[in-house]
Amino acid sequence: MNRGQRIKKFQENRIRDGRGHGTGKDYEPFIQVHDNKVASEGWVTRHLGWKTNRIHHTLSEHERRYLYYLEWLEEVVDIREQFPLLPLSRTEEIAEQLGIKHANIDGVPVVMTTDFVITLKTSNGLIDLVRTVKPVSKLSKRTLELFEIERRYFAEQDINWGIILDSKLPKTLISNVEWMYEARYLSTRPTVDEELIDLIGESLFLKIINDDGETAISKLCLRCDSEFGIDSGTSMFILKHMLSTKKWGTNMNMVIKDSHPLIIFNLEKQRESINKNIG
């Protein structure tokens, strides 16, 4: 049995195990980081998703960064990565119609996957779209052939498909999301809970507001830790948590650095004011 046959057998087992099915928390990526896949540029990462509350599996740096971007967008309600194009027989038929070779290993056709199936909340209800993320340097003739199979496969289902060039991603926003990402969940810092946030959150907010962008945020947060009598790093974690949950806001188009001051505002109160005016 050659490598292609082994991979095909492995994929058949994945399908039987339910990989590539489900939505939200119940979705299982067809390819996962422990499958010993050689990832693009050596990157394989696992992240607990903000939208889905499940582990996301990304196999390249540009996939990881695009995931951060999707997590920030309000209209995105579900993200399914490493999504399989099933059944295999259908993509084989499309490849034959196009007169190109199907994705294969040692001549054995294998299941194709796409980077992201994204569910959006729109005024007309929920819609799905498909995006694959690549740097321009990776858009070889062969890659574009395989992308055409993907595009036609999803076109048959009336699902919009497109390529996201890595160079077009909003790098500053993504960097800022990465900076606060892990603090979304209080479980990542056992010494912080909702009660502690209720006790010191407002005071921390006022300290940062009243500083008016004069002091590096790391220094200001350490000062607050000392004043509040809490563990070092707690104020910074709470700040990141409040920003990641969008209770507090900041200009996401400006790079956030620990060594720089940070201007924040209260998003919750803004929303309450808007809702009150609408009512």
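Every value quoted in this text rests on a predicted model; they were computed, and no experiment measured them.
We find that Lys134 and Asp166 are not joined by a salt bridge, their nearest charged nitrogen and carboxylate oxygen being 4.0 Å or further apart.
Geometric assessment of Lys240 against the ring of Trp248 yields a negative cation-pi assignment under the 6.0 Å and 45° thresholds. Both the sub-6.0 Å distance and the 45° axial angle are satisfied by Arg14 relative to the ring of Phe30.
Partners of Arg184 by side chain to side chain contact (heavy atoms under 4.5 Å, CB included), not counting sequence neighbours, listed by chain and number: Trp50, Ser244, Thr245. The salt bridge (Lys or Arg N to Asp or Glu O under 4.0 Å) search around Asp128 returns Arg80, not counting sequence neighbours. Shown here are the salt bridge (Lys or Arg N to Asp or Glu O under 4.0 Å) partners of Glu195, two or more places apart in sequence or in another chain: there are none. Considering only residues two or more places apart in sequence or on other chains, Arg151 meets the side chain to side chain contact (heavy atoms under 4.5 Å, CB included) condition with Glu148, Trp161. Scored by the side chain to side chain contact (heavy atoms under 4.5 Å, CB included) test, Ser140 finds Arg142, Thr143 as partners (sequence neighbours excluded).
Interatomic distance, His56 NE2 to Thr45 OG1, rounded to the nearest 0.5 Å: 11.0 Å. Glu202 contributes atom CD, which lies 4.5 Å from atom CG of Leu206 (distance to the nearest 0.5 angstrom). Put simply, CG on Asp231 and CZ on Phe237 are 12.5 Å apart, with the number rounded to the nearest 0.5 Å. To the nearest 0.5 Å, the span separating CZ on Arg46 from CD on Gln32 amounts to 8.0 Å. To the nearest 0.5 angstrom, Leu169 atom CG is 13.5 Å from Tyr68 atom OH.
With a 4.5 Å cut-off on side-chain heavy atoms, Leu120 and Val77 do not count as touching.
Sorted by first and then second residue, the side chain to side chain donor-acceptor pair (under 3.5 Å) pairs with a member in residues 97-112 read Thr91-His102; sequence neighbours excluded.
Side-chain contact check for Glu150 and Thr114: at least one donor-acceptor pair (N or O, by modelled atom type) lies under 3.5 Å. Between the side chains of Asn13 and Arg19, not a single donor N or O lies within less than 3.5 Å of an accepting N or O.
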